[in-house]
Amino acid sequence: MNGLHVSFSIAASSFLRHFSPWAVGLFAASLLFNVPFAHCREFGTAPFGSASFDFARSLRSGQAQDRQGRLGASPTLVSSPITLHFVTWKADHPSVWDEAIQRFEQAHPHIRVNREIAPHSSTAYHDLLTQKLRNRDVSLDLFFMDVIWPAEFAAAGWALPLDEYFTRGEREKFLPATIASGVYRRRVYGVPSRIDSGMLYYRKDLLERYGFSPPSTWHDLVRQAQAILEGERITNPLLRGYSGQFKQYEGLVCDMLEFLGSHNGSFLTDDDSRSNLTAPESVQAVQFVREQIIQRLATPAALTYQESESLAVFLQGNAVFHRNWPYAWGLANDPRHSKIVGKVGVTPLPRFPGGRSTSALGGWLYGISAYSRHPDEAWAFIEFMASPEMQKHFAIHASLAPSRLALYADPEILRANPQYRDLLPVFQTARPRPRTPVYPIVSHILQRYFSRVLAFPGTDIRKEAQEADRKINRFLALLRDL
């Protein structure tokens with residue numbers, strides 16, 4: 001149940017309490033599925049009325065009216081110093097972020113940024129952030145949103161709409177998928193800091209030694225990995241064929257989306273109205289992961305791996321193939337962290353015969369709290385960090401793939417990240433996870449389903465998929481009542 005209690009912040013949020021039958025339905029469904037409403041204190045103390053909804057709406061309205069008199073004036077002209085409270089994850093390249101913050105504060109001497117470092121796990125970070133937002137913490141100004149959160153945050157009234165700041169002309173300079181991830185009901189709630197999509201890292205030296213080219217299908221990957229493992233068995237008995245993210249958390253959902261998608265399967269039907277886990281393509285993809293990836297190429301420890309653990313195995317030279325996000329390129333080629341510097345290649349993820357390579361859309365968006373007392377100053381921070389200059393800074397020094405399209409022609413960025421030349425089409429076609437206010441609930445069900453069938457070889461995949469379908473469909477049906 002780890003991380004699910006915040007899922008029901010939706011039901012306890014100001015927006016959904018305005019639609020009290022749905023909130024009641026969510027609560028009843030949670031009881032049906034034995035899911036606790038831990039930490040949803042509003043459920044026990046606030047009535048199912050519209051008072052909190054009106055409060056949030058009036059607060060945002062007052063902020064918007066106040067901005068009308070200030071727009072056009074630089075936030076740096078405020079007479080008294082402003083401190084922005086920014087909730088962010090623990091960075092993989094902390095010095096790069098330290099420099100970025102210093103640059104901003106130098107450019108805006110009357111604004112200071114106080115960073116609260118949240119857990120690296122997206123699920124744990126979501127727990128912390130939604131707790132603050134449910135409590136209408138007015139000290140919170142800025143936060144990072146995972147690309148799967150905007151629908152939830154917007155429906156709850158937590159995230160400030162950014163349309164008046166983030167103009168249509170400016171949005172057109174970003175990769176379309178990154179903009180779409182921050183839109184809910186035709187309003188924009190997030191500014192893309194970067195784009196993430198899953199990709200396949202591989203030991204270039206080992207593939208060349210055995211006469212292989214990067215695999216285009218998953219079956220090729222299995223065949224190559226087994227041949228290399230056999231040939232390297234004596235010199236490196238710790239070597240494994242594959243390292244990915246298979247712990248029960250959001251990263252597992254991303255990995256499995258890529259396997260299912262490349263087999264023409266999916267989590268939901270095309271119209272997002274029903275679960276699609278029992279489709280033959282979806283079931284067969286899960287079976288392949290269990291039998292070929294987990295049982296033959298990986299190690300049982302892979303069922304506990306998030307990004308950092310799975311990457312550590314690869315950087316130590318103990319995996320032939322590794323699935324991760326763009327940031328891993330920089331660490332794999334940094335001698336302070338990696339034993340395989342100069343021996344790494346990267347390529348689009350494989351596909352199944354008759355399918356197409358599928359990469360999960362990831363990335364993080366800058367958002368402003370609807371309860372912030374300093375929205376203009378918060379926007380100044382976002383505008384600075386999402387600028388071409390700062391995205392270039394992060395791309396060169398932290399291997400964070402830019403969300404601005406023009407930067408993929410920048411010679412300095414391509415010199416630091418030559419892989420971008422071949423991977424831009426992957427970024428442009430990355431597949432998003434379902435965009436729905438109940439996504440945290442859907443994700444939790446998916447996580448439990450995938451974790452169970454991968455960890456226990458004796459489980460009936462189709463039977464488990466039917467049960468997951470049933471649970472997901474109950475929650476999706478609630479949306480149709482709105």
Side-chain angles (χ1 to χ4, degrees), residues 1-11 26-40 119 121-127 130 146 148-149 152 244-261 265-269 272 274-279 282-291 293-295 298 300-307 309-310 360 433-434 436-479:
M1 298 297 179
N2 181 32
L4 182 61
H5 54 269
V6 298
S7 304
F8 297 96
S9 59
I10 300 169
L26 279 173
F27 180 69
S30 74
L31 295 178
L32 177 64
F33 300 129
N34 193 29
V35 175
F37 265 80
H39 301 303
C40 290
S121 162
S122 177
T123 303
Y125 177 28
H126 180 274
D127 289 8
T130 54
D146 197 332
I148 57 177
W149 299 346
E152 176 196 2
Q245 298 80 50
F246 296 105
K247 183 177 180 177
Q248 185 178 318
Y249 80 120
E250 186 62 32
L252 174 62
V253 176
C254 295
D255 282 41
M256 296 307 294
L257 179 151
E258 293 161 351
F259 281 107
L260 270 65
S266 62
F267 295 160
L268 305 183
T269 55
D272 288 344
R274 295 189 63 80
S275 183
N276 195 46
L277 298 175
T278 50
S282 300
V283 171
Q284 291 163 14
V286 175
Q287 185 173 358
F288 176 88
V289 176
R290 182 168 77 180
E291 296 177 357
I293 302 297
I294 300 297
Q295 295 180 13
L303 297 170
T304 69
Y305 289 169
Q306 300 186 53
E307 280 86 355
E309 294 88 355
S310 62
R433 282 154 281 171
T436 169
V438 296
Y439 179 78
I441 305 171
V442 172
S443 174
H444 175 77
I445 297 169
L446 291 170
Q447 291 173 36
R448 292 197 65 188
Y449 161 59
F450 291 133
S451 181
R452 178 171 170 77
V453 297
L454 295 181
F456 300 102
T459 54
D460 185 323
I461 295 177
R462 181 167 180 79
K463 182 178 178 181
E464 295 291 336
Q466 288 174 338
E467 180 63 11
D469 271 353
R470 183 185 69 82
K471 293 178 179 179
I472 291 173
N473 287 336
R474 289 292 298 273
F475 284 103
L476 293 178
L478 297 172
L479 294 174

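Sequential numbering from 1 along the given sequence is applied to the chain's residues. As the structure is a prediction and not an experimental result, all values here were calculated from the model.
- Contact check for L260 versus S266: no side-chain heavy atoms found under the 4.5 Å cut-off.
- Checking S310 against Q306 by side-chain atom types alone, no donor-acceptor pair falls below 3.5 Å.
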Worked verdict on C254 versus Q245 for side-chain contact (heavy atoms from CB on, under 4.5 Å): CA-CA 9 Å; C254 295; Q245 298 80 50; over 6 Å; no

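- Nearest approach of A360 to E258, heavy atoms of both residues: N-OE2, 2.9 Å.
- Sorted by first and then second residue, the salt bridge (Lys or Arg N to Asp or Glu O under 4.0 Å) pairs involving residues 454-463 (not counting sequence neighbours) form an empty list.
- A donor-acceptor contact shorter than 3.5 Å links the side chain of N473 to the backbone of S275.
- Between I293 and F259, some side-chain heavy-atom pair lies under the 4.5 Å cut-off.
- Using a cut-off of 4.0 Å between Lys/Arg side-chain N and Asp/Glu carboxylate O, K247 and E309 are scored as not salt-bridged.
- Here R474 contributes atom CZ and I445 contributes atom CD1; the two are 10.5 Å apart, rounded to the nearest 0.5 Å.
- Side chain of T269 to backbone of N276: no donor-acceptor contact under 3.5 angstrom is found.
- Contact of the Y449 side chain with the E464 side chain is registered, since non-hydrogen atoms from C-beta on lie closer than 4.5 Å.
- In this structure the side chain of L257 reaches within 4.5 angstrom of the side chain of F267, judged on heavy atoms.
- When all heavy atoms of V286 and M256 are compared, the pair lying nearest together is CG2-CE, 4.0 Å.
- Side-chain contact between L303 and S451 is absent, with no heavy-atom pair separated by less than 4.5 Å.
- Closest heavy-atom contact between V253 and Q447: CG2-CG, 3.6 Å.
- Y125 and E250 form no side-chain donor-acceptor contact under 3.5 Å, judged by distance and modelled atom types alone.
- Taking 4.5 Å as the limit, some side-chain heavy atom of R452 sits within range of a side-chain heavy atom of T459.
- G251 and E307 make their closest contact through CA-OE2, 4.4 Å (heavy atoms, listed as atom of the first residue, atom of the second, distance).
- Counting all heavy atoms, side chain and backbone alike, A298 lies closest to A302 at CB-CB, 4.0 Å.
- Note: F288 CZ to I294 CD1 = 11.0 Å, rounded to the nearest 0.5 Å.
- With a 4.5 Å cut-off on side-chain heavy atoms, L454 and V289 count as touching.
- For the pair R290 (side chain) and F456 (backbone), a donor-acceptor distance under 3.5 Å is present.
- A donor-acceptor distance shorter than 3.5 angstrom exists from the side chain of D469 to the backbone of T278, with no hydrogens or angles considered.
- Distance check, rounded to the nearest 0.5 Å: CD1 of I441 to CZ of F475 gives 4.5 Å.
- Considering only heavy atoms from C-beta on, L268 comes within 4.5 Å of I472 through its side chain.
- Of all heavy-atom pairs spanning D127 and T130, the tightest one is O-OG1, 3.3 Å.
- Expressed to the nearest 0.5 Å, how far OH of Y439 lies from CG of D146 amounts to 8.0 Å.
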